[in-house]
Amino acid sequence: MTTRETCAQIPARLLAWYDEHARALPWRSAPGEPPADPYRVWLSEIMLQQTTVAAVKPYFDAFTTRWPTVEALAAAPQEDVMAAWAGLGYYSRARNLVKAAGVVAERGGFPDTEEGLRALPGVGAYTAAAIAAIAFGRRAVVVDANVERVVARLFAIDTPLPGARAAIREGADLITPDERSGDFAQAMMDLGSRICTPRAPNCDACPLAGDCAAREHDPERLPVKAAKKTKPVRQGRAYWIEREGAVWLVRRAPQGMLGGMRALPDDGWSAAGDGSGDPPVDGAWEEAGVVRHTFTHFVIELTVLRLESAQESGLAQGEWWPVERIDEAGLPTLFAKAARLAIAARERLL
DNA sequence: AATACGTGGCA
DNA sequence: TTGCCAAGTAT
């Protein structure tokens, strides 16, 4: 049972467990070894925001192969980076990634303090602490969703989130060691993702079970979270306008939903309401199917309409893109699904 | 403080 | 199938 007095043994127990059980990850140095390249740590931390390790791995490999250094990334065209990010979600991360790379390249390297890191676009409290600890060996209190869960259980904090944030941070501060703070942070995250899981935690395998205030009192119920709101369902349309083996693609506005990404033209649907239903040009539109796609705060039912042998796109802005290279267009997942439907409908006619 | 912002995996 | 959840940040 953890109290302020019994916190002292937790770091050593957790680090000993980490020495044996650390996951090998492409952006991580081995336990006890010198820190990994700050560029790789930063890039991985941005990619990992609200995103699973499994989803990140192929993107991390692709980015580091194509842009091995922050200077290389800073020199890349914004649209190339956006296209490479397509499918990973939360596209403001990609926009901020390019901005931050420019700042870092300009100043000649990454800041090595939490405060300096926090000033980079896309780097918040969590990411600044994580990079300071993992890449620069500084003591920093690193609190992500894993740490929130582990700490809420260790100290049996049953105040609902997000109100419990301050208490959880205080608990995390109490158990964060001065040495190996980066390994400690990664150990907490490994523990949270593999042992102290949201459902059915494996307490029998937990190195901190003897320290855990929730061990005998249903740890699974912690942390307590506020109820989710139901998502509205919106109706919208996307338009597949084809001419001589090419499809008309547009680029979305730089801010907001899927901001800055290449896309199919649509009828103006959004989280706030349905689309107008009006196509960009008159013609013999045929329905290719409906994509149902869940965003964070709403569901879109997107009807995909296609027009063969278009004379004009009917749109001032955009470009003809070869259909056989549609996978290279960098469409976010919603529009990649819509494109698959349109191509399937097209092939049924051939 | 509350909301906007993606996606895929899992039970 | 539906809902929950993930190494959060910006406003």
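Reminder, nothing fancy here: chain letters follow the sequence lines and each chain counts from 1.
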K.L.:
If a pair satisfies side-chain hydrogen bond (donor to acceptor under 3.5 Å, both in side chains) and one of its residues is in residues 325-342 of chain A, list it, with sequence neighbours excluded.
P.N.:
A:H293-A:K337, A:R325-A:E328
K.L.:
For A:E242, what residues pass the salt bridge (charged side-chain N to carboxylate O under 4.0 Å, His left out) criterion, not counting sequence neighbours?
P.N.:
A:R346
K.L.:
Should A:R237 and A:D266 count as side-chain neighbours, where that means a heavy-atom distance under 4.5 Å?
P.N.:
no
K.L.:
I'd like to check the salt bridge (charged side-chain N to carboxylate O under 4.0 Å, His left out) partners of A:R262; sequence neighbours left out, ordered by chain and number.
P.N.:
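Applying salt bridge (charged side-chain N to carboxylate O under 4.0 Å, His left out) to A:R262 gives A:E319.
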K.L.:
Atom CG of A:L48 and atom C1' of C:dG8: how far apart are they, to the nearest Å?
P.N.:
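Value for this atom pair: 11 Å.
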K.L.:
OP1 or OP2 of B:dT3 less than 4.0 angstrom from a side-chain nitrogen or oxygen of A:K229, does that happen here?
P.N.:
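For B:dT3, OP1/OP2 do have a side-chain N/O of A:K229 under 4.0 Å.
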K.L.:
Can you find a side chain N or O atom of A:R118 that sits less than 4.0 Å from OP1 or OP2 on C:dT9?
P.N.:
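False: A:R118 side-chain N/O out of range (4.0 Å or more) of C:dT9 OP1/OP2.
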K.L.:
For each nucleotide in nucleotides 6-11 of chain B, reading 5' to 3', give B when a protein heavy atom comes within less than 4.0 Å of its base, S when such contact involves only the sugar-phosphate, and - otherwise.
P.N.:
BBS---
K.L.:
Compare all side-chain heavy atoms of A:V304 with those of A:V291 and state whether any distance is below 4.5 angstrom.
P.N.:
yes
K.L.:
Taking the side chain as every heavy atom from C-beta outward, state whether A:W85 and A:Y90 have any atom pair closer than 4.5 Å.
P.N.:
no
K.L.:
Does A:R215 have any side-chain hydrogen bond (donor to acceptor under 3.5 Å, both in side chains) partners at least two apart in sequence or in another chain, and if so, which?
P.N.:
A:D204
K.L.:
Let me know, please, whether A:D144 or A:G122 comes out on the 5' side of the other along DNA chain C by nearest nucleotide.
P.N.:
A:D144
K.L.:
Among residues 19-27 of chain A, which ones have heavy-atom contacts with DNA chain C below 4.0 Å?
P.N.:
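Within residues 19-27 of chain A, the residues near DNA chain C are A:R23, A:L25, A:W27.
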K.L.:
Measure CE/A:M82 against P/B:dC5 and give the value in whole Å, please.
P.N.:
14 Å
K.L.:
Under the ring pair (Phe, Tyr, Trp, His ring centres under 6.0 Å) definition, can you give me all pairs with a residue in residues 200-230 of chain A, not counting sequence neighbours?
P.N.:
none
K.L.:
Base, sugar-phosphate alone, or nothing: which one does A:V123 contact when heavy atoms must sit under 4.0 Å apart?
P.N.:
sugar-phosphate
K.L.:
Quick one: label A:R28 by what it contacts on the DNA or RNA (base, sugar-phosphate, nothing), any heavy atom closer than 4.0 Å.
P.N.:
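Base, at least one base atom sits under 4.0 Å.
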K.L.:
Please compare A:P198 and A:R292 by the position of their nearest nucleotide in DNA chain C and report the one closer to 5'.
P.N.:
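Nearest nucleotide further toward 5': that of A:R292.
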K.L.:
With a 4.0 Å heavy-atom cut-off, tell me which residues in residues 180-197 of chain A come close to DNA chain C, sorted by residue number.
P.N.:
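Residues of residues 180-197 of chain A that come under 4.0 Å of DNA chain C are, in numerical order, A:M189, A:S193.
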K.L.:
Just the rounded figure in Å: distance from P of C:dC5 to NE2 of A:H297.
P.N.:
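The answer, rounded to whole Å, is 19 Å.
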K.L.:
Measure from CZ on A:F298 to P on B:dA4 and round the result to the nearest Å.
P.N.:
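One finds 10 Å between P of B:dA4 and CZ of A:F298, rounded.
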K.L.:
Expressed as a whole number of Å, how far does the P atom of B:dG6 sit from that of C:dT11?
P.N.:
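Pairwise P distance, B:dG6 against C:dT11, rounds to 14 Å.
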K.L.:
Starting from C1' on C:dG8, measure out to CG on A:L117 and report it in whole angstrom.
P.N.:
15 Å
K.L.:
In residues 295-303 of chain A, what donor-acceptor pairs under 3.5 Å come from side-chain atoms, sequence neighbours left out?
P.N.:
residue: A:E301; atom: OE1; partner: A:Q235; partner atom: NE2; Å: 2.9
residue: A:E301; atom: OE2; partner: A:R292; partner atom: NH1; Å: 2.3

K.L.:
Quick one: A:I46 CD1 to C:dA7 C1', roughly how many Å, whole number?
P.N.:
10 Å
K.L.:
Can you tell me how far C1' of C:dA7 sits from CH2 of A:W42, to the nearest Å?
P.N.:
16 Å
K.L.:
Using whole Å, report how far CD of A:E148 lies from C1' of C:dG8.
P.N.:
10 Å
K.L.:
Output side-chain donor-acceptor pairs under 3.5 Å for residues 115-130 of chain A, partner residues at least two apart or in another chain, one line each.
P.N.:
residue: A:R118; atom: NH1; partner: A:V123; partner atom: O; Å: 3.1
residue: A:Y126; atom: OH; partner: A:E45; partner atom: OE1; Å: 2.7
residue: A:T127; atom: OG1; partner: A:Q49; partner atom: NE2; Å: 3.0

K.L.:
Tell me which pairs pass ring pair (Phe, Tyr, Trp, His ring centres under 6.0 Å) where either residue lies in residues 223-276 of chain A, with sequence neighbours left out.
P.N.:
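Residue pairs passing ring pair (Phe, Tyr, Trp, His ring centres under 6.0 Å), neighbours aside: A:Y239-A:W285, A:W248-A:W320.
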K.L.:
Could I get the full list of side-chain hydrogen bond (donor to acceptor under 3.5 Å, both in side chains) partners for A:D37, not counting sequence neighbours?
P.N.:
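side-chain hydrogen bond (donor to acceptor under 3.5 Å, both in side chains) list for A:D37, sorted by chain: empty.
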K.L.:
Could you give the distance separating C:dA7 and B:dA4 at their P atoms, to the nearest angstrom?
P.N.:
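Between the two P atoms, the distance is 23 Å.
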